[in-house]
Structures are given as structure tokens and as C-alpha cells.
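Chain letters run A, B, ... following the sequence lines, proteins first, then strands; residues in each count from 1.
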Amino acid sequence: MIDPQVINILASIVFLSAPLMLAIIGETITERVGVINLSLDGTMLLTAMAGFVVALETEKAMGLPADVPDTIPVLAGLVVAGIIGALVALLIAWGSISLKQDQVAIGFVLTLLLAEMANFIGQRYTNQRGPRIAHLPIPLLSEIPIIGPMLFDQDLLVYGTLILVAIVWWFMYRTQPGLQLRGIGERPESAFVRGVPVNRLRYLYTALGGFLVGLAGAAFSLDMKLGWSDNHIGGIGWIALAIVIFGGWHPVRGAFGALLYGITKAIANVLQQTYAGVPTVVFNAVQWLLMLGVLLLVGSEFTRKLIPLMPRPLQGPVARFLRIAPPQALGRTFGQES
Amino acid sequence: MTGQTASRRPLLETIWPVVPLIMALVLITIILMLVSQHSPLAVYGALWEGAFKDAGSTFNTLAFWIPLLLCATGLLVTFTAGLWNIGVEGQMIMGAIGASWVALKIAAPNPELSPLIIIPLEIIVAMAAGALWAGLAAVLKTRGGVHEIFGGVALNSLAIIATNYLISSPWQPPSGGSFHGTEEFTDNALMPVIGDTHFSLLAFALALIALGTVVMMLRGTHWGLELKALGKNPRAAFLLGVSSERQAVYAMMFCGALAGLAGAIRVVSWFGRMPQSVSGGIGFLAILIVLLAASRPLWTFIIAFVFSALLQGGAQVHLITQLHSSLSGIIQGMLVLFALLFGDFHRLFKPKTTEAPETGS
């Protein structure tokens, strides 16, 4: 039998990775059509704040008791957060597609601006208790050893995220519109010639990706890291952007990247408890070192040179794992007149 | 249509860059009317008062200007080379750590050492530390395939963590107080400042020298030309024999050295010790400045001053109106966002005519 504590940790890894997974799926969709939404860190801060504030105010307006799971306030918070995320993404799409300005610059400015706005507007809501998403174990399935607590003893947001990973994979790789989606990001000219409305679909998928990023922000404040404080989840957006690259712009690989992040966090937590003498700030460094590590893994020529030194059966899979390329038209605008 | 507007267009084109800024200010004013009980005029008044109320606050605005100017000057070089040096924040922090090391480990135990030795040493160590941190981001990019944006973000966070570690463990003052900073530096480690303000003429002179050097370097030297080629068209530059890897590393390290100097100036003239938050977003702000100035040195110089006034005034706004001090950040971000979106007159109104000469040649 496995130590119940280990199972607890495994379940918490899935739980804590879910919002990051949502953001990664969203950004993967956006970048797959060729648009970079660099504003993730700011967008998620703003939507975490907005989702929490909307849920809290709805709860108050409905006269419900504080700090208990409520459906309607939480739903309102999530929807508003998603819409804000989509609007931010549309702003970037508009700036780059229609106004033909530098999308990296716009995204970067938004990163800073939205974070400041989140702190500014959320000032009156710091460190308050509010509604949260209800825990909802699935009967029978949650009784399965190991897998049960990990996958079926969570809440609706986690289930939704896991299902979404599968749906997005299916949509991208098994359907005609999914093929179009990928085509727009690889060769927009060819897609356009075949009658695909490139820029309109870029708007659509950028907004959709932004919606998921917005949900991810609210998922933190309503579920994984309850409430709001200054820079509540600062940094997580950058991690998400890095994992999109590590995931090779593939939704399932991106989701595994999110899990890897969760595992590293869990290991760091365990180490922190074991080595109490080491200052806690040192453990904060782990996620950034990991971020650099995974980007180096898929980015550097050095790791590719190591492949021939590996045992033969491993060489194929490792080479395939490392052979990732960004969508060819990533960050490139497409003008129909040219 | 063209005939009708031909006479008006030049004027509109000349004043156009101001239009997005006015749009941003109007929007901010509307937001202020919605969220604050104080009138927007009162808020702007508080900003002005915070920045220029008396000689002391004016000098402190000037003192804020110096590190902003140094970081922005460094960024002129990296942006010219087409690099997004987001790590400038971390490079500044490493510079502050370097200077603090000199102040705590060399100046404090040896009070007989003159500031004439200590201050140059602090500056050199800080610049080296900043340059190394920037070089790390550059090598991660050129050798590791890690885009400088991600390398920069990670190295920024690691630099902040390094500060927290230093002030909570090895450099913790004997009196305790884990997260407030190191001990006060000894007098021989401090830059001379005017009165009881934070403004140091020496630091200001260094910033001006740096800006002047960079302007001349970009305009008149071979290196400047190579960087421009790299920024405009990396492939063409490569074919012309410009080693893009080496130039990228040099440009980043140059910027890192200036950011390191900015960090040193923060600790040896502003704080007089190493606090938890050395930078307070100055590096990021410098990026906004250069974006708003579209990499033009004169505008960088002016906008850096306006932004330092906003930053200095922001604290006063908080005191008077209880609004979050992030207000100045919002104003700055809005200005830059609107300028980025709408500042380019040609792309907004003449999308096709500008393409024509390129296809013709």
C-alpha cells in the first residue's frame, strides 16, 4: 500500500497544476494561430483580482454567508474573468493585426499595466475571505486506488481543465477547423489562398485563448490560492509562457509541463520541511531555475549533441521530444493585400 | 480625398504623436472620476506637489531620474540591436548587490579607506556584476536557445531572491529585522549628495556621460553601425560578416554594466544600505521609457524625467488621496500603450502608399 500522504501530495499536484494548465492551453491556442499574447502575467493578475471581486460582490448582493462554496457568485467571477482575458487578447490582436504594431511591445506594456491596475483596483479587497469553488468528488470513481484521489476527487474546475486538454487536442489534430487553426499559424498565405479567413480566425482564436487565460487567473483566486493580495500570483504568467514553448506548442505536452511544474513545487515543499535550516527564499528559486532548465533542454544545441551518446532505444523518442519548432508564422502579421 | 487634405496633412502629421498621449490622459481622468472621491485635478495636483513641492522633493525627482536614465541609455543599445533586454531589472539589482558587497565587506571594516577609493571600486564592481548578469542572459540566448525575454524574467526573479537571501541571512544586520535590509553603510561608502536629499551630482554626471557616449557610439562608430544592422535585419547583418552572437553578447553586457551602475547609485546615494526592494520597477520603467521614446535619445532623456516625476509624485498621491501608489504606474503604462497603438501616423492612415516605394525599387 502506498502511504496516504504520498497520495495526498499526488492529488494536490493535479489540483495545483490545473489553473496553470488552463493558461497554457489558452496561450497554446493563441500562439498556434500565430499571435503572441505576452501579457499573460498581467492578464492573470487582473483576472484573479476581478474574478475574486466579482464573486465576492455577487455573494454580498445575494446575501449569502462569506467563505463558503457558492455556485452563482463563483460562476459570475469566472465568466467576468474570462471575458476580461478575452478583451485583453483582442486588444493585442487588434494592435498587431489591424494596426500592424509590434505585438511583443504591446503585450509587454500590458503585462506591466494590467498588474498595476490589478493592485490599484483590488486595493480594497486584499486579504478578505470570499467564495470558492466547491469540492466535488465523483462517486465510485474517486474510490479507485491512486488514480481516484488524483483525478476524481477534485472540483469541477479541475475536471473541466482535464477534459479541455483532451478536447483541444482532438480539435487541433483530428478536425478540419483544427487543421485550419494550425495552418493559419504555419502558412497563413496558403491558408488564405484556400479560402480560410486568416485574420478573422486569428481574432477568434486569440480571444478564445485569452478567455481561458482569464479563467486561469480567476481559478487561482477562487480555488487554488484563495482571495486577493498585491501581486497575488505574480510570475505565474511567465512560467505559463515558458511551458508553452517547452510543450512544443502542443496542448497535451503543455499540460504535462504544467504537471511537471506542480511536481517540482511539491518536491520543493517537501525539501523545505526536511531542511528547515535553509532559508525559505532559496526554495523560491527552484521554479525559475526549472524554467531556465526546461527552456535550455528544448532550446540548446548541446542537448541534441547528447542524443547519439544515449542508449539506442532511447535515441528516437528523445530526438522526437526535443525536435520542436514554433509555428512558422508566430508573431508575423498577415496582410491580405500583400 | 488626397487633394482636399494635402495641405492639412503635414500639420496633422507633425502634431500626431501627441494625440495618443492626450487620449490616454483623458481615459485616465475618466477612470479617476469613477474610482476616486477626489477630483482628478486634486490627484494630479498631489502628483505635482509630490514631485516639485519644494527643493527637497525636486532634487529627489532628479535623483530618481538618474537610474532611470542609466537603464534607459543601456536599453537604447540593446533595442538598437533588436534585443528585448527585460533582464535590466535584475542587472540593476546585481549591481546594487555588488556595490553593497564593497560597502559592507571592504568599506565598513576599513574606515580609514577614503571614499575616493571606495566609490570607484563600488562602481566598478557593480558594473561588472550587472554586465555578468546580462552576459548570462545573452549566452542563454545565443548558446542555449532561450529567448532573452524568458532568460531576463527568470534572472530578474533570481536576482530578487538573491537580495532576499542576502538580507535575511549573511548580510542580516546584528539587530535582526529579517526583511528590512542590511545595516546602514559607513560614510566612506556613500556618494556625496546635496543637502539631505538623495541627489548626487557625481551620479548625475555619470548618467549624462553614459548617455552622451551611447549617442556618439550609435551615430558615429562602426560598432553602432553593426548593432543597427543586427537590429534591422539580422540575416543581412550575418551575411555582411557581423557576428550576431558576439554583438548580441556585447550589447547586452554594455546595457548590463549601465544597469549595474544604476543599481550602485540606488544603494550608495538613495538608500545608504541595501533594502529588500532595490529597484522598485525602475528597470521595467526604463523599458517603457525607451518604447515611448521610440529609441530616440533626446526623447528618452525628456520622458525619463517626466516618468521620474510621476514616480516621485505617486507616493504623495497615496498620502493625500489614499489611492494605491500604483497609480503612477497606470499613467505611465497607459501613455506607452496608447503611443504604441496609435502613435504611428503612417501605419494608421496611409497603409498602402508607404508600401509602394519598397516594391518599386
Counting only non-hydrogen atoms closer than 4.5 Å, does [X] touch chain B with its backbone (N, CA, C, O), its side chain (CB onward), both, or neither?
X: I239(A); result: neither
X: D41(A); result: neither
X: L112(A); result: side chain
X: L110(A); result: side chain
X: L114(A); result: neither

Between [X] and [Y], is any pair of side-chain heavy atoms under 4.5 Å apart?
X: V104(A); Y: I149(B); answer: yes
X: L340(B); Y: D102(A); answer: no
X: W288(A); Y: N156(B); answer: no

Contacting region of [X] [heavy-atom separation from chain A under 4.5 Å]:
X: Q322(B); answer: backbone
X: I31(B); answer: neither
X: L291(B); answer: side chain

Could you pull out the closest heavy-atom pair between [X] and [Y], with the gap in Å?
X: L292(A); Y: L140(B); value: CD2-CD1, 3.8 Å
X: L158(B); Y: L289(A); value: CD1-CD2, 3.9 Å
X: R143(B); Y: S300(A); value: O-CB, 3.8 Å
X: F150(B); Y: W238(A); value: CE2-O, 4.1 Å

Could you have a look at [options] and say which one has the most heavy-atom pairs with chain A under 4.5 angstrom?
options: I287(B), V153(B), V146(B); value: V153(B)
options: S157(B), G343(B), G333(B); value: S157(B)
options: I330(B), L323(B), L337(B), I160(B); value: I330(B)

Could you go through the side chain to side chain contact (heavy atoms under 4.5 Å, CB included) check for H147(B) and I245(A) one step at a time? CA-CA 10 Å; H147(B) 194 284; I245(A) 297 174; 5.8 Å; no
Closest-packed option against chain B by number of heavy-atom pairs under 4.5 Å, given G95(A), S96(A), A285(A): A285(A)
Residues of residues 78-88 of chain B near chain A, each having a heavy atom less than 4.5 Å away: W84(B), I86(B)
Are more than 12 heavy atoms from other residues, nucleotides or ligands located less than 6.0 Å from atom NZ of K60(A)? yes
Within residues 117-125 of chain A, residues adjacent to chain B where the heavy-atom gap is under 4.5 Å: M117(A), N119(A), F120(A), Q123(A)
Does the side chain to side chain contact (heavy atoms under 4.5 Å, CB included) test come out yes or no for D344(B) and L99(A), once each step is laid out? CA-CA 9 Å; D344(B) 194 335; L99(A) 301 179; over 6 Å; no
